[in-house]
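Okay, structure first, notes after.
Please read these numbers as outputs of a predicted model, since none were measured by experiment.
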Protein chains: 2
Amino acid sequence: MTTIIDVARLAGVSKTTVSRVINNYPHISSDKKEQVLKAMEQLGFTPNPSARRLRGQLATTIAVVVPKIVNPFFSYLVDAIEQVGYRNGYQTLICQTNEDKEKELSYLNLLKTKQADGIIMASIENDWEDIKPYTEYGPIVLCNEYINRPDVPMIRVDQYQGTYIGVKHLIERGHRKIAYCTGGLFTAFGKDKDRNLGYQKALEEAGIQVNPSWILVDKHTIEDGKQVMQLLLDMKDRPTAVFTGSDEIAGGLMMAAKKAGLSVPQDLAIIGFDDQPIAEVLDPGLTTIRQPIEQMGKKAGEVLLNILNQSGPDSAVYELPVELIVRQST
Amino acid sequence: MTTIIDVARLAGVSKTTVSRVINNYPHISSDKKEQVLKAMEQLGFTPNPSARRLRGQLATTIAVVVPKIVNPFFSYLVDAIEQVGYRNGYQTLICQTNEDKEKELSYLNLLKTKQADGIIMASIENDWEDIKPYTEYGPIVLCNEYINRPDVPMIRVDQYQGTYIGVKHLIERGHRKIAYCTGGLFTAFGKDKDRNLGYQKALEEAGIQVNPSWILVDKHTIEDGKQVMQLLLDMKDRPTAVFTGSDEIAGGLMMAAKKAGLSVPQDLAIIGFDDQPIAEVLDPGLTTIRQPIEQMGKKAGEVLLNILNQSGPDSAVYELPVELIVRQST
DNA sequence: ACAAATATTGAAACCAGTTTCAATCATTCT
DNA sequence: AGAATGATTGAAACTGGTTTCAATATTTGT
């Protein structure tokens, strides 16, 4: 490795001067600056980040915590964050929790050891009380998750609105027997709670009573969707429409429905959430709630970098709008 | 931050001794060792990795270069690599090239600056000649890409076999007019070349002449697939089957075919590549060539960590088998 | 022209660890 | 018992940068 001393020697100056050139220190005579630049060029010198961050506060890497990168929602999010990071000279560490609390905490330790200068959490497994102590070591930005704490910046979408417009859309299509199939619990908090409230509110406005047996929780995958369809088929009083918490569940539901000889949307209307690639590719096309994933990721990255550069903490909540994408499944 | 000196002070030993405890140096009296351990525990001490890697060869992070993380193929790959890394105490940096040569090179620089201890390249934009110099700074493992160089470890699947069994399957189904729709060029090298050879070989064995107008290159996305379908529809002599280079192209093709009133597979048989989630969800289900992505990622991670730990360079080529997944589209 | 302010520069200290080197202490071997 | 060997320990050097401090040179103000 060529070091700053090699450069200094070649340029005939002290390493202090070289360091100043690297960091754009203002008062350097233009001839020396040029010599240093030339020497750096000639030697192909790149400063060693470990050395830089050991002393200064140099920040170059951010970490993104997600449950599973293979979930398109999160890969799109990471995509957006990586791009913002790259444009600003930051590397992006990818941290999969696999919904494991331990793993999440171990990744939070990256802050403590300054292996990451800041963290964007797109999922949160532990209680905030257990995570909060880590904010002492570096900024944490929540993205897609939220909690009732005013002291941490959050980027979120209006989940309440998402469910509300989706269910309302079903009601406008004439449905009154609308099932609700979600990832979280119905007695949830944060994101899931808002979604549930949107469902309840839409029904209430239409004067429809919630039927608890049509509420199915802890569903996530295509496989779950297929099983839910089986449950629906077995019901005496069967819903005519299903609002699902993700396009995957919706996809599984649709596949199983077709297999059972039901036609979508005539026999069963289905609506998804996220607007992932599969929504477009399903037949019939899946009506779904689009979340502005790229925007969320971009915003999360920007908020974090802002904190890192300004050192000014930011605890604002940014809320982005959702959008109903109507296709043929409703 | 608590440092090694704080620990040393509390334990009543020199920082050298603390360092030795951290690194499991053999000759330390058990009482001192215990004191140090206790002090570390008590202070919640974590060694600063920047300081460690500044001196020693401490390795803790690997980088994965992919074109686009939103492509499921690569997100599954990254998933597998991240898991291997995590189990061995490594962080995983995600590097998207977006097919930009500059960006790829800038990520290779991570090796030079020791921000990454090794790199797994799942895509390669620059010529190997331009990448090779970086191997001087740390190990590079090729995964899913390959080149005719015996001096770099590669994990690959038998692409030739993939295309061959796919096309052969179509022939067995009675097709003789088989189009070929691929991402790379037909006059390609490496991965693409092998695929092309598999196509040619299968046709040749069946005594079928290659029809150049049925060979469509530089196709990647669902959108491309739709456009290809339009091209096929406009042909006087239309193929009865299409072998595509990815499930996305196949999906686009299928959507457009159905829209045009063709039924799959009766009017047009379609076969994809990768066995991504959408393959199962398409209607009819997509026959495709499954690549053992998780295994590739796992193997790539293991090979890299092996090199890193043994310091013994490895230039073996690991080839993994592909598998034909027959669904309803053929 | 002289003081005050500003620009330019390098030596040395510093960041938080690891490694080298030498000293001391305890064992083992004739 | 005396020498040789191995265990245990810490001081100091080292990693590659940045920052402080002080010295010197140059400009500016009156």
Checklist entry - Just to confirm, is there a sub-4.0 Å distance from OP1 or OP2 of C/dG10 to any side-chain nitrogen or oxygen of A/Ser14? => result yes
Item to check | Phosphate contact (C/dT18 OP1 or OP2) by B/Asn23 side-chain N/O below 4.0 Å | outcome: yes
[atom1] of [X] versus [atom2] of [N]: gap in Å, rounded?
X: B/Asn48; N: D/dG16; atom1: CG; atom2: C1'; value: 14 Å
X: A/Leu43; N: D/dG16; atom1: CG; atom2: P; value: 14 Å
X: B/Tyr25; N: D/dG6; atom1: OH; atom2: P; value: 13 Å
X: B/Ile28; N: D/dG10; atom1: CD1; atom2: C1'; value: 12 Å
X: B/Met40; N: C/dG17; atom1: CE; atom2: C1'; value: 13 Å
X: A/Arg52; N: C/dC14; atom1: CZ; atom2: C1'; value: 17 Å
X: B/Ile22; N: C/dG17; atom1: CD1; atom2: C1'; value: 8 Å
X: B/His27; N: D/dT8; atom1: NE2; atom2: P; value: 7 Å

Item to check | Distance-only donor-acceptor test, A/Arg55 side-chain atoms vs D/dT18 base atoms, 3.5 Å | outcome: yes
Next on the checklist: With hydrogens left out and only the distance checked, is there a donor-acceptor pair under 3.5 Å joining B/Lys15's side chain and the base of C/dG17?
Outcome noted: yes
Checklist entry - Are A/Asp151 and A/Lys132 within salt-bridge range, i.e. N to O under 4.0 Å? => result yes
Between the protein and nucleotides 22-26 of chain D, list every N/O to N/O distance that falls short of 3.5 Å.
none

Item to check | Partner of A/Ser75 under side-chain contact (heavy atoms from CB on, under 4.5 Å), chosen from A/Ile293, A/Ile69, A/Val66, A/Val70 | outcome: A/Ile69
Next on the checklist: As a test of understanding, state which of A/Ile131, A/Ile120, A/Ile147, A/Ile155 forms a side-chain contact (heavy atoms from CB on, under 4.5 Å) with A/Leu142.
Outcome noted: A/Ile147
Checklist entry - B/Asn23 and B/Tyr25: side-chain contact (heavy atoms from CB on, under 4.5 Å), yes or no, with the steps? => result CA-CA 6 Å; B/Asn23 295 285; B/Tyr25 187 81; 5.5 Å; no
Checking all strands, does [X] fall into the base, sugar-phosphate, or nothing category for heavy-atom contacts under 4.0 angstrom?
X: A/Val18; result: nothing
X: A/Thr16; result: base
X: B/Lys32; result: sugar-phosphate
X: A/Ser19; result: base

Checklist entry - Quick one: ring-ring contact (aromatic ring centres under 6.0 Å, His included) pairs with a partner in residues 122-142 of chain A, sequence neighbours left out? => result none
Checklist entry - Counting side-chain heavy atoms from CB outward, which of D/dG17, C/dG17, D/dT9 is closest to A/Ile4? => result D/dG17
Checklist entry - Can you tell which of C/dT8, C/dA16, D/dA11 lies closest to the side chain of A/Leu54? => result C/dA16
Item to check | Atom NZ of B/Lys68: over 12 foreign heavy atoms under 6.0 Å | outcome: yes
Item to check | Under the ring-ring contact (aromatic ring centres under 6.0 Å, His included) test, residues paired with B/Tyr86 that sit two or more places apart | outcome: A/Tyr107
Checklist entry - Given the rule in the salt bridge (charged side-chain N to carboxylate O under 4.0 Å, His left out) test, do B/Glu302 and B/Arg87 qualify, once you have shown the distances and angles that lead to the verdict? => result CA-CA 11 Å; B/Glu302 287 168 355; B/Arg87 273 199 294 279; 5.9 Å; no
